[in-house]
Amino acid sequence: MSEPLSKKERMKRERVPMPERDAGERARSFAEVNLGFTAEMAKLEAMRCLECARPKCVEGCPVGIHIDEFVGHVAAGDIAAAAAVIQRDNLLPAICGRVCPQENQCEGACVLAKKDRPLAIGHLERYVADYVRNEGFAKVTELPEPSGKRVAIVGSGPAGLACAGDLIQAGHTVTVYEALHEPGGVLVYGIPEFRLPKVIVQTEIAGLEELGVRFEMNAIIGRTYTLEELRKDSDAVFIGVGAGLPRFLDIPGENLIGVYSANEFLTRVNLMKAYLPGNDTPVLDVKGRRVVVFGGGNTAMDAARTAMRLGAFDVRILYRRTEDEMPARREEVRHAREEGINFDFLAAPTEFHGTDGVLTGLAFQRMELGEPDDSGRRRPRPIEGTAGRSDADLAVVAIGNGANPLLLATVPELETTRWGTIAVDEETGRTSLPGVFAGGDIVTGGATVILAMGAGRRAAGSIEDWLVDRTWEMPTIDEPAPAL
Amino acid sequence: MYRIVSSSFIAPEVKRFVIDAPQVARHWQAGQFVILRVDDDGERIPLTVAAADPDSGQITLFVQGIGKTTKQLNTKQAGEQLADVAGPLGKPSEIEEYGTAVVVGGGVGTAIAYPVVAALAKAGNDVIAIVGGRSRAYVLLEDEISATGAETIVCTDDGSYGRGGFVTDALADVIAGRRGNVGREINTGRQVNIVFAAGPVPMMKAVAEVTRTAGIHTIASLNPIMVDGTGMCGGCRVDVGGRTYFACVDGPEFDAHLVDFDLLARRNQSYVEFEAARLESFNKQCKVEGSS
């Protein structure tokens, strides 16, 4: 084993770079961009950890992974021990290691971040998870005696999967209902293959199935089954259906052929695999064409990079604020740039133009930043007399999702906030209906995978309390401003 | 997997399927649809459910082979399995006691109209069904619709059966109370309180024009392209009265006088080239398999 580094040496060393597929090659390929650390790289990187007495990274993690501990095991070369540490707090590390916004969480809190080279915690988490998966380690799971209690989980995205994982390990009977034909929610329809290979999601889900979680596909709650039926058949219900109602810009010409929501564009390509030749699901042909994407989040990056991979000639992201306000992960923005995607900041579309019902271009307006809004970001406002025009053959609207009303409209007695999201007690995930819990984007508005997982796990904990004491006080309903 | 209980062609390229889908059958109401995938590489297509029996757990679909997916589906026989049947989706038809209701079904749209006729009749309405097809072979479900007790007027474009001409001509005559022109003895001269239309977009548009002048509330069952069918993608957006709605969750039925049918027709053409290519390769494949 190599000698530990002196503290000075640790401060001095650069981050071990993540090996990446060449930008030119990957811009036209759906293969994963990040190739993953080797054992050597993981160890070298882990050795940079300062082993803080009060590790800030743990506080920065929404689910409180004992990062200091698992990194120590990686530095010592004991990957199985590292995996066991992560597993205590995070059941889906291969996914989180890839898609968490680490720079705002663990890595943002890392002392080394002050030197602009925080420990690469996300990459290490991914390394540990991939190692365990590839080596075929059995997960540390001894199931307790069956409790005889039944829990129904609505939605198989990050919140539902995390909730299911905890409850099955507590001995309960867990059924997950999914509206689509494949489990995984946004992990399969939204996040593209080049960022999160589907095989990883499938492996995690297979692991839950092995533990006994039952998945029922094509089950739309509110239609196929009512929420009331689930409540009757189960001791508790968790609603983690995601936000799932794409916002549009509400500008003229938005219904022209060639204007997609990011959800539709990404679902056609990811879930329905429209990028594979010989597949039955179509997606509008962008080969050699101009694509404009609106938005500044990960979904906008995903849509732009997907368009590039489908052979677009020019891909431009139009965002009404500046790069600093973009909610996307920094790594995704960098990757997008390297792949040849152009950014046009402080610009907002005002109208789509078309010929014979087909999109040909758009008009936009230049913006400037004004006073901060509810989200703390400076509000963009139009600069008069600065209209511009741009050609476009495909436009993708990636400005977020509202709360999907399909389920909620069938349960008027379930309290919602003025944003249409489900009102819950934030600590427990309890809703206004006894035995019904909720978490993830349907509560917070569009947020992140890890926050949804955290909410799923918190709800699992309070479902356990409920299964024991069966008391339901009307929770204090918080009304946080929805994430943008 | 969802087993096909029975399947048979009832008109050229139109097949009737009975499918085991107990979860769909339990809550289905007239006007609702399913999203179906033939196999694991298949696309998701919306199909209106014509009938459902909660006791047997079976649903009935009528499928017109137009593109690759529907033609492939129509090669399936009893005993074979379908990858996915999700539903029931969409809002049910608003069935009330309106008084006199006219339901217009054109081509395979008759299969969408049929459950509406049955539900309206059951709710105590005086129902007149106008059923149209290109020629006699394309007239669907005449017996089933008559069996609901609805007065049924059959129209064929070429006059090979029933009344010659379009369904809209028959509708105009019913509204105007022009006795004798409707092809059979019918109790005309009544005030029509509501009209439902299901069929090709030009037909629904024409129906809306006929009833607009007569000032009769008219509902059209829209058939845009869909992916998930749950409001998640917005691909099925339609313009109704200048506002955008998602047909999968806000519809599929809307006030026909407010629907922008031209937009719907155009958006339904989004993938014509792709669809033509897929169909060609499917037909080639069928020939190769057929000759081997």
Side-chain angles (χ1 to χ4, degrees), chain A residues 178-182 185-186 189-190 216-220 222-226 229 241-248 250 254-268 271-274 276 278-285 354 356-358 397 401-407 409, chain B residues 2 21 23-24 26-28 32 34-45 67-69 72 83-91 225 227-239 244 246 248-250 260 262-267 269-275 277-278 281-282:
Chain A
E178 168 55 49
L180 293 171
H181 57 268
E182 223 180 282
V186 72
Y189 74 72
E216 186 171 337
M217 299 300 107
N218 299 323
I220 303 103
R223 291 268 184 259
T224 313
Y225 304 105
T226 63
E229 285 170 327
V241 292
L245 185 78
R247 287 206 189 95
F248 282 91
D250 205 14
E254 201 154 27
N255 292 336
L256 289 165
I257 296 169
V259 183
Y260 276 136
S261 74
N263 280 2
E264 179 175 6
F265 182 54
L266 292 173
T267 299
R268 285 180 178 277
L271 176 72
M272 304 311 297
K273 303 190 175 58
L276 297 177
N279 202 282
D280 285 339
T281 300
V283 65
L284 292 169
D285 188 5
D356 298 331
V358 179
V397 182
N401 283 277
N404 190 312
L406 193 150
L407 167 61
Chain B
Y2 300 78
Q23 308 86 331
V24 179
R26 268 167 3 107
H27 287 306
W28 174 82
Q32 291 185 302
V34 290
I35 294 269
L36 177 148
R37 278 200 326 152
V38 176
D39 57 31
D40 282 338
D41 299 320
E43 61 176 328
R44 295 170 64 94
I45 58 163
K68 188 252 169 176
T69 298
Q72 181 196 9
D84 299 286
V85 179
L89 291 162
K91 288 185 179 163
I225 294 169
V227 184
D228 60 288
T230 64
M232 196 194 78
C233 85
C236 65
R237 55 199 193 275
V238 291
D239 184 307
T244 295
F246 292 1
C248 66
V249 287
D250 300 321
D260 184 341
D262 296 337
L263 176 72
L264 175 63
R266 272 201 310 271
R267 286 184 63 84
Q269 300 294 306
S270 295
Y271 304 103
V272 269
E273 286 165 29
F274 175 91
E275 284 160 2
R278 289 302 294 155
S281 93
F282 176 73

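This one's a predicted model, so the numbers in the text were calculated from it and none came from an experiment. We name chains A, B, ... by the order of the sequence lines, and we start the count at 1 in each one.
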Chain B contacts, top residue of A:Gly222, A:Pro405, A:Gly278 (heavy-atom pairs, under 4.5 Å): A:Gly278
May I ask you to say whether A:Glu229 pairs ionically with B:Arg26, meaning some side-chain N is under 4.0 Å from a carboxylate O? yes
Passing option when B:Tyr271 is tested against A:Thr281, A:Val283, A:Leu284 for side-chain contact (heavy atoms from CB on, under 4.5 Å): A:Leu284
Look up atom CG in B:Asp40 and atom NE2 in A:His181, then write down how far apart they are to the nearest 0.5 Å. 8.0 Å
Comparing B:Cys233, B:Gly234, B:Ala277, B:Ser281 against chain A, the one with the most heavy-atom pairs below 4.5 Å turns out to be B:Cys233
Can you say whether B:Ile45 sits under 4.5 Å from chain A via the side chain, the backbone, both, or neither, judging by heavy atoms? neither
Heavy-atom distances under 4.5 Å only: say whether A:Glu216 touches chain B with side chain, backbone, both or neither. side chain
Heaviest contributor of heavy-atom pairs below 4.5 Å to chain A, chosen from B:Gln23, B:Arg44, B:Glu273, is B:Arg44
Could you check which of B:Glu43, B:Lys68, B:Gln269, B:Gln72 has the highest count of heavy-atom pairs closer than 4.5 Å to chain A? B:Glu43
When every non-hydrogen atom of B:Gly231 is compared with those of A:Pro246, the smallest separation belongs to O-CD, 3.4 Å
Please flag which part of A:Phe265 lies under 4.5 Å from any non-hydrogen atom of chain B: side chain, backbone, both or neither. neither
By a 4.5 Å heavy-atom criterion (distance strictly below it), what part of B:Arg266 contacts chain A: side chain, backbone, both, or neither? both
Heavy-atom distance under 4.5 Å to chain B: side chain of A:Ile220, backbone, both or neither? side chain
Closest non-hydrogen atom pair, B:Arg237 against A:Glu264: NH1-OE1, 4.4 Å
Top of B:Gly229, B:Gly42, B:Gly90 for chain A proximity - count of heavy-atom pairs under 4.5 angstrom: B:Gly90
A:Asn218 versus B:Tyr2, closest heavy-atom pair with distance: ND2-OH, 3.2 Å
Heavy-atom pairs under 4.5 Å with chain B, option from A:Leu406, A:Thr226, A:Leu276, A:Asp250 with the top count: A:Leu406
A:Arg223 vs B:Lys91, test: side-chain contact (heavy atoms from CB on, under 4.5 Å). Steps then yes/no. CA-CA 9 Å; A:Arg223 291 268 184 259; B:Lys91 288 185 179 163; 4.1 Å; yes
Quick one: what part of B:Arg37 sits under 4.5 Å from any heavy atom of chain A, side chain, backbone, both or neither? side chain
Would you mind checking which part of B:Gln32 comes under 4.5 Å of any heavy atom in chain A, side chain (CB onward), backbone (N, CA, C, O), both or neither? side chain
In terms of heavy-atom pairs under 4.5 Å with chain B, the winner among A:Asn401, A:Val259, A:Leu266 is A:Val259
Which of the residues B:Leu89, B:Ile225, B:Asp260 is involved in the greatest number of heavy-atom pairs with chain A at under 4.5 angstrom? B:Leu89
Closest non-hydrogen contact found for A:Ile257 with B:Ser270 is CG1-OG, 3.5 Å
Part of A:Asp356 lying under 4.5 Å from any heavy atom of chain B: backbone
For a quick check under 3.5 Å, do A:Asn255 and B:Thr244 share a side-chain donor-acceptor pair by atom type? yes
Give, as side chain, backbone, both or neither, the part of A:Leu256 having an atom under 4.5 angstrom from any heavy atom of chain B. backbone
Interchain contact, A:Thr267 with chain B, by part (heavy-atom threshold 4.5 Å): side chain
What part of B:Phe246 lies closer than 4.5 angstrom to a heavy atom of chain A: side chain, backbone, both or neither? side chain
Which bit of B:Glu275 comes within less than 4.5 Å of chain A, counting heavy atoms only: side chain, backbone, both or neither? neither
How close do A:Pro282 and B:Phe274 get, heavy atom to heavy atom, and via which atoms? CB-CD2, 3.3 Å
Out of B:Val249, B:Thr230, B:Thr69, B:Val38, which one racks up the most heavy-atom pairs below 4.5 Å with chain A? B:Thr230
Roughly how far, to the nearest 0.5 Å, is the CG atom of B:Asp239 from the CD atom of A:Glu254? 11.5 Å
Locate the shortest heavy-atom distance separating A:Asn404 from B:Met232; write the atom from each residue and the value. ND2-N, 4.2 Å
